[in-house]
K.L.:
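Quick one: the structure is below, questions incoming.
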Amino acid sequence: MYSVKVFDPTHLPTDEEKNKIIDFLYTHLEQYGDSKEDIGKCLNYALKISESFGGFVLLSSDNGIDTGVVIVNKTGMNGYIPDNILVYIATHGDYRGQGIGKRLMEKALEIAEGDIALHVEPENPARYLYEKYGFTNKYLEMRWKNKQ
């Protein structure tokens, strides 16, 4: 049976669930992912475990198997930049093509308050899902990394 759990600062996951979310994203984001440490920081930000504006996490499962995860962080900059940033969305490699990403995206758009931004690499196939929901590429992102 397909289900989606919603975690936020008022409904926190257990430590076991947090570790499952981190491991899931680390595994199923594949070449588009980050370190477990960075995923953990993002998760703690969304849940206000670290100092932050909060956000939410979606965990989908089907018959006891975790099939997808989304993490959205609030930016705290309403009106200046989008209110939220979709940091991670991933589906289980064995369950892709079954509409899980679509259902998770719809749920994220439904419960997010305000606009949502996201970053996607040009060759990432998830880009087409985002475009289906009206995400557009308004800017070229540039970054400077402090070498200290």
K.L.:
Can you confirm whether more than 12 heavy atoms, excluding those of Y26, are under 6.0 Å from its OH atom?
P.N.:
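It does not: Y26 OH has 12 such atoms or fewer within range.
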K.L.:
Please find the pair of heavy atoms, one from I100 and one from S60, that lie closest to each other, and give the distance.
P.N.:
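Of all heavy-atom pairs spanning I100 and S60, the closest is CG2-OG, 3.7 Å.
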K.L.:
Kindly give the heavy-atom pair with the smallest separation between L29 and Y88, and that separation in Å.
P.N.:
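Scanning both residues, the minimum pair turns out to be CD1-CD2, 3.3 Å.
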K.L.:
Taking C-beta and beyond as the side chain, do N73 and N84 meet within less than 4.5 Å on heavy atoms?
P.N.:
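In short, these two side chains do not touch, never coming nearer than 4.5 Å.
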K.L.:
Verify side-chain contact (heavy atoms from CB on, under 4.5 Å) between T75 and F53, making sure each step is shown before the conclusion.
P.N.:
CA-CA 7 Å; T75 65; F53 294 103; over 6 Å; no
K.L.:
Do I81 and I85 sit in one hydrophobic cluster, given that two such residues count as connected whenever their side-chain heavy atoms are within less than 4.5 Å of each other, even indirectly?
P.N.:
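Unlinked, I81 and I85 end up in two clusters.
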K.L.:
Between E131 and R127, does any side-chain N to carboxylate O distance fall below 4.0 Å?
P.N.:
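Salt bridge between E131 and R127, a charged N being under 4.0 Å from a carboxylate O: yes.
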K.L.:
What I want to find out is whether K107 reaches E110 closely enough, with some N-O distance under 4.0 Å, to be called a salt bridge.
P.N.:
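Judged by the 4.0 Å cut-off on N to carboxylate O distance, K107 and E110 do form a salt bridge.
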K.L.:
With heavy-atom distances below 4.5 Å as the criterion, would you say the side chains of I116 and P82 are in contact?
P.N.:
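Contact flag for I116/P82 side chains = no.
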K.L.:
What is the distance from atom CD1 of I22 to atom OG1 of T27, rounded to the nearest 0.5 Å?
P.N.:
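That separation rounds to 11.5 Å.
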K.L.:
Any carboxylate oxygen within less than 4.0 angstrom of a Lys/Arg side-chain nitrogen, looking at K5 and E17?
P.N.:
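Result for this pair is yes, salt bridge flagged.
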K.L.:
Using a strict cut-off of less than 4.0 Å between a Lys/Arg side-chain nitrogen and an Asp/Glu carboxylate oxygen, indicate whether K20 and D66 qualify as a salt bridge.
P.N.:
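Here K20 pairs with D66 in a salt bridge, since their nearest N and O are under 4.0 Å apart.
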K.L.:
Starting from V87, can I reach Y32 by hopping between I/L/V/M/F/W/Y residues whose side chains sit under 4.5 Å apart?
P.N.:
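No, Y32 does not connect to V87 through the hydrophobic network.
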K.L.:
Flag yes if Y45 and L118 sit in one hydrophobic cluster, no otherwise; membership is Ile, Leu, Val, Met, Phe, Trp, Tyr, and two members link when side-chain heavy atoms are under 4.5 Å apart.
P.N.:
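No.
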K.L.:
What I want to find out is whether R96 reaches E30 closely enough, with some N-O distance under 4.0 Å, to be called a salt bridge.
P.N.:
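Judged by the 4.0 Å cut-off on N to carboxylate O distance, R96 and E30 do form a salt bridge.
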K.L.:
Take a 6.0 Å sphere around CD of E121 and say whether it holds more than 12 heavy atoms from other residues, nucleotides or ligands.
P.N.:
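Correct, the count exceeds 12.
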K.L.:
Do other residues, nucleotides or ligands put more than 12 heavy atoms under 6.0 Å from the CD atom of E123?
P.N.:
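Yes, because the 6.0 Å sphere around CD of E123 holds more than 12 heavy atoms from other groups.
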K.L.:
Could you give the distance from CG (D115) to CG (N78), rounded to the nearest 0.5 Å?
P.N.:
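Going from CG on D115 over to CG on N78, the span is 9.0 Å.
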K.L.:
Would you find a donor on one side and an acceptor on the other, under 3.5 Å apart, between the side chain of H28 and the backbone of G93?
P.N.:
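Checking the backbone N and O of G93 against the side chain of H28, a donor-acceptor pair under 3.5 Å is found.
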K.L.:
Side chains of L25 and I71, heavy atoms from C-beta outward: is any pair under 4.5 Å?
P.N.:
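With C-beta onward as the side chain, the pair touches.
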K.L.:
Would you call L47 and P13 a side-chain contact if the rule is heavy atoms closer than 4.5 Å?
P.N.:
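L47 reaches P13 side chain to side chain.
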K.L.:
Where do F7 and L12 come nearest, in terms of heavy atoms and distance?
P.N.:
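Shortest heavy-atom contact: CD2-C, 3.9 Å.
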K.L.:
What is the minimum heavy-atom distance between G54 and P9, and which atoms define it?
P.N.:
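Shortest heavy-atom separation between G54 and P9 comes out as CA-CG, 4.4 Å.
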K.L.:
How about V4 and L59: do any of their side-chain heavy atoms sit closer than 4.5 Å?
P.N.:
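The answer is no; the side chains never approach within 4.5 Å.
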K.L.:
Calculate, to the nearest 0.5 Å, the distance between atoms CG and CD belonging to D83 and E113 respectively.
P.N.:
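The distance works out to 9.0 Å.
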